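Accompanying notes for the structure given below.
Quantities reported herein were computed from a predicted structural model and do not represent experimental measurements. Below, chains carry the letters A, B, ... as their sequence lines are ordered, and counting in each starts from 1.
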2 protein chains.
Amino acid sequence: MSNPRYQQIAEDLRAQIETGSLKPGQQLRTEIELRDHYDASRNTVRDAIKWLMTLGLVETKPGQGTFVVQKIDPYITNLTDNPKVPTLYGEVEPSAAGKIEVEGKDRILESTEPQIEIQKASAPVASSLQVKEGSQVISRHQKRYIDETPWSMQTSFYPMGFVLKGADKLIQADDIEIGTVKYLADTLGLKQVGYRDWITVRAPDPNEATFFKLPPDGRVAVFEIFRIAYDQTGTPMRLTITIFPTDRNQFIVNVGQVPDDPVG
Amino acid sequence: MSNPRYQQIAEDLRAQIETGSLKPGQQLRTEIELRDHYDASRNTVRDAIKWLMTLGLVETKPGQGTFVVQKIDPYITNLTDNPKVPTLYGEVEPSAAGKIEVEGKDRILESTEPQIEIQKASAPVASSLQVKEGSQVISRHQKRYIDETPWSMQTSFYPMGFVLKGADKLIQADDIEIGTVKYLADTLGLKQVGYRDWITVRAPDPNEATFFKLPPDGRVAVFEIFRIAYDQTGTPMRLTITIFPTDRNQFIVNVGQVPDDPVG
DNA sequence: GGGTATTTGTCCGTATGTATT
DNA sequence: AAATACATACGGACAAATACC
């Protein structure tokens with residue numbers, strides 16, 4: 001009938017957090033103090049704290065203490081911005097040292113220089129681009145920061161044929177200042193007329209956890225968003241996979257007629 | 001330099017899972033066997049298993065053992081379906097015992113009867129519907145199942161004024177067979193011309209964890225999607241909040257011209 | 001249905017390591 | 001360097017859930 005001891009302790013602390021008795025950023029009592037207060041063992045108190053950690057309510061800092069988590073001011077990305085207008089998401093590759101105003105909040109967006117690889121198409125990449133599995137594709141990878149905190153990891157895949165037909169800049173490790181969308185339109189006549197986003201959530205892999213400074217145990221999940229862009233013939237011209245931590249990112253989708261974004 | 005013992009053990013098991021040496025659904029060796037195999041204590045082995053659990057790689061069943069998780073065949077929801085067409089998502093309230101073919105897969109969609117409440121608008125509800133905080137709103141809550149497994153929890157909020165102006169069915173605890181979108185158009189002349197979705201991810205609360213049969217420690221997150229629907233004057237006419245577990249749900253967003261969904 | 005063996009869950013105590021102040 | 005606080009690791013005991021006979 002009754003929950004285990006460590007859950008009871010966790011519930012008690014949780015209540016204090018949710019009523020505001022313990023405020024965001026505030027330090028909890030130490031494990032020893034909590035052990036005495038609840039008349040339990042230190043390990044049981046630690047089990048309670050672990051429970052609150054996977055719920056995302058507290059975080060521990062060795063040598064310092066246990067703290068109520070501060071919610072991060074979220075980054076909001078609109079997935080349905082008109083693709084003719086430069087957007088944050090994938091359409092434009094801003095210069096490696098570029099500065100952009102984000103959400104009207106004077107945030108600074110920075111990107112690493114694209115890391116280019118020629119790869120053999122894995123099964124999901126091949127089926128997305130409608131090329132044969134194992135055929136060559138161009139992979140352009142960038143890491144992005146907002147206000148110097150890691151924001152997203154993005155990899156775009158293009159069929160190798162694009163380069164052979166004249167879009168050489170795709171395999172140069174520089175930003176394409178005008179954006180790849182316009183570049184492909186200019187050089188190959190490929191117009192992007194639409195895209196499909198596919199939104200999933202999963203635990204981060206160790207690479208991602210390190211880059212985003214997430215706890216390595218996977219308790220903070222990441223969005224994995226697949227964007228397949230189509231040209232005027234309905235053929236896939238690009239696959240872009242972007243990873244965003246769920247603790248600091250939210251998305252907006254507009255359909256039909258809606259008032260202007262209230263963001264900012 | 002070297003990782004702690006329990007992480008090393010976790011990495012070893014993780015490698016076995018990812019190489020397919022341990023297959024989905026397969027039982028791991030018991031904690032006692034693993035303790036002997038790794039020459040560690042049982043608690044250290046358990047820490048390794050906990051690590052793999054929050055990564056979503058294994059699950060434990062008391063009295064039975066530890067198993068590699070089976071990925072659930074995901075439900076895919078299109079957020080940009082034409083709202084004039086009945087869709088799964090919020091536009092139509094199917095009959096409580098209704099059956100619908102989902103994704104061409106003959107899945108059965110069931111909904112509980114709407115649970116109606118008259119509430120005072122909380123701050124987020126009030127600002128979404130552009131009514132005064134504390135003013136009365138109608139809340140219609142439904143739980144939905146696909147193939148008898150819990151799929152989503154949905155709550156729609158409408159301004160109380162709609163009922164006073166003649167849309168009485170909003171406060172009746174029955175399904176509105178023609179759908180609330182058409183009902184409001186017929187009775188009040190309110191045409192839904194668009195909507196905005198706002199996608200967030202967070203840990204489930206205890207209610208949600210129970211309904212979706214998620215582990216209560218919050219290691220499986222939930223999508224929380226806010227949909228604000230607008231009428232022809234650009235005024236919000238509905239706020240719908242839907243909760244989906246992230247372990248069995250994915251979303252599609254189409255922008256511009258894209259080929260038909262390959263789903264199904 | 002009952003009893004027993006198996007397996008994971010809870011809880012304790014203790015010792016030592018590591019990060020921070 | 002010392003003190004503080006969390007992290008890792010061990011060992012043991014009993015409880016609770018499940019499966020099987």
For this session: Take B:Gln8 and B:Asp12 through the test side chain to side chain donor-acceptor pair (under 3.5 Å) and record every step on the way to the result.
Result: CA-CA 6 Å; B:Gln8 294 174 16; B:Asp12 190 67; over 6 Å; no

Taking atom [atom2] of [N] as reference, at what distance in whole Å does atom [atom1] of [X] sit?
X: B:Lys50; N: C:dT8; atom1: NZ; atom2: P; value: 14 Å
X: B:Arg46; N: C:dT8; atom1: CZ; atom2: P; value: 8 Å
X: A:Ile32; N: C:dT14; atom1: CD1; atom2: C1'; value: 12 Å
X: B:Gln27; N: D:dA19; atom1: CD; atom2: P; value: 11 Å
X: B:Asp217; N: C:dT10; atom1: CG; atom2: C1'; value: 15 Å
X: B:Leu34; N: D:dC10; atom1: CG; atom2: P; value: 13 Å
X: A:Asn3; N: C:dC11; atom1: CG; atom2: C1'; value: 15 Å
X: B:Arg5; N: D:dA9; atom1: CZ; atom2: C1'; value: 10 Å

Using a cut-off of less than 4.0 Å, is there contact between a side-chain N or O of [X] and OP1 or OP2 of [N]?
X: B:Thr44; N: D:dT8; answer: no
X: B:Thr30; N: C:dT6; answer: no
X: B:Ser41; N: D:dC10; answer: yes
X: A:Thr60; N: D:dA5; answer: no

For this session: Report yes if the distance between the aromatic ring centroids of B:Phe226 and B:Phe157 is under 6.0 Å, otherwise no.
Result: no

For this session: Between C:dG13, C:dT8, D:dT8, spot the one nearest the side chain of A:Asn43, thanks.
Result: C:dG13

Exercise. Where the side chain of B:Glu31 is defined as all heavy atoms beyond and including C-beta, which of C:dT8, D:dC10, D:dA7 is the nearest nucleotide?
Worked result: C:dT8

Problem set entry | Plane angle bin for A:Phe251 and A:Phe223 - parallel if under 30°, tilted between 30 and 60°, otherwise perpendicular |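 Aromatic pair A:Phe223/A:Phe251 classed perpendicular.
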
Exercise. Using the ring of each side chain (for Trp, its six-membered ring), is B:Phe244 parallel, tilted or perpendicular to B:Trp151, with breaks at 30° and 60°?
Worked result: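 The rings of B:Phe244 and B:Trp151 stand perpendicular, inter-plane angle above 60°.
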
Exercise. Backbone N or O of B:Gln154 within a donor-acceptor pair of the B:His141 side chain at under 3.5 Å?
Worked result: yes

Problem set entry | Of residues 204-215 of chain B, the positions that come close to DNA chain D - non-hydrogen atoms, cut-off under 4.0 Å |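 Here the set is empty: none.
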
Are [X] and [Y] packed together at the side-chain level, in the sense that at least one heavy-atom pair is separated by less than 4.5 angstrom?
X: B:Thr60; Y: B:Arg46; answer: no
X: A:Asn78; Y: A:Ile76; answer: no
X: B:Lys50; Y: B:Tyr6; answer: no

Between the protein and nucleotides 16-21 of chain C, which nitrogen or oxygen pairs come in under 3.5 angstrom?
none

For this session: Would you mind pulling out the nucleotide paired to D:dA9, Watson-Crick or G-U wobble, both distances under 3.5 Å?
Result: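 C:dT14 is the nucleotide pairing with D:dA9.
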
Exercise. In this structure, are over 12 heavy atoms from other groups packed under 6.0 Å from B:Glu18 atom CD?
Worked result: yes

Exercise. How far apart are the closest heavy atoms of B:Ala10 and B:Leu52, and which atoms are they?
Worked result: O-CD2, 3.6 Å

Problem set entry | Nearest-nucleotide 5' precedence on DNA chain D, A:Met53 against B:Ala40 |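 Its nucleotide being nearer the 5' end, the pick is A:Met53.
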
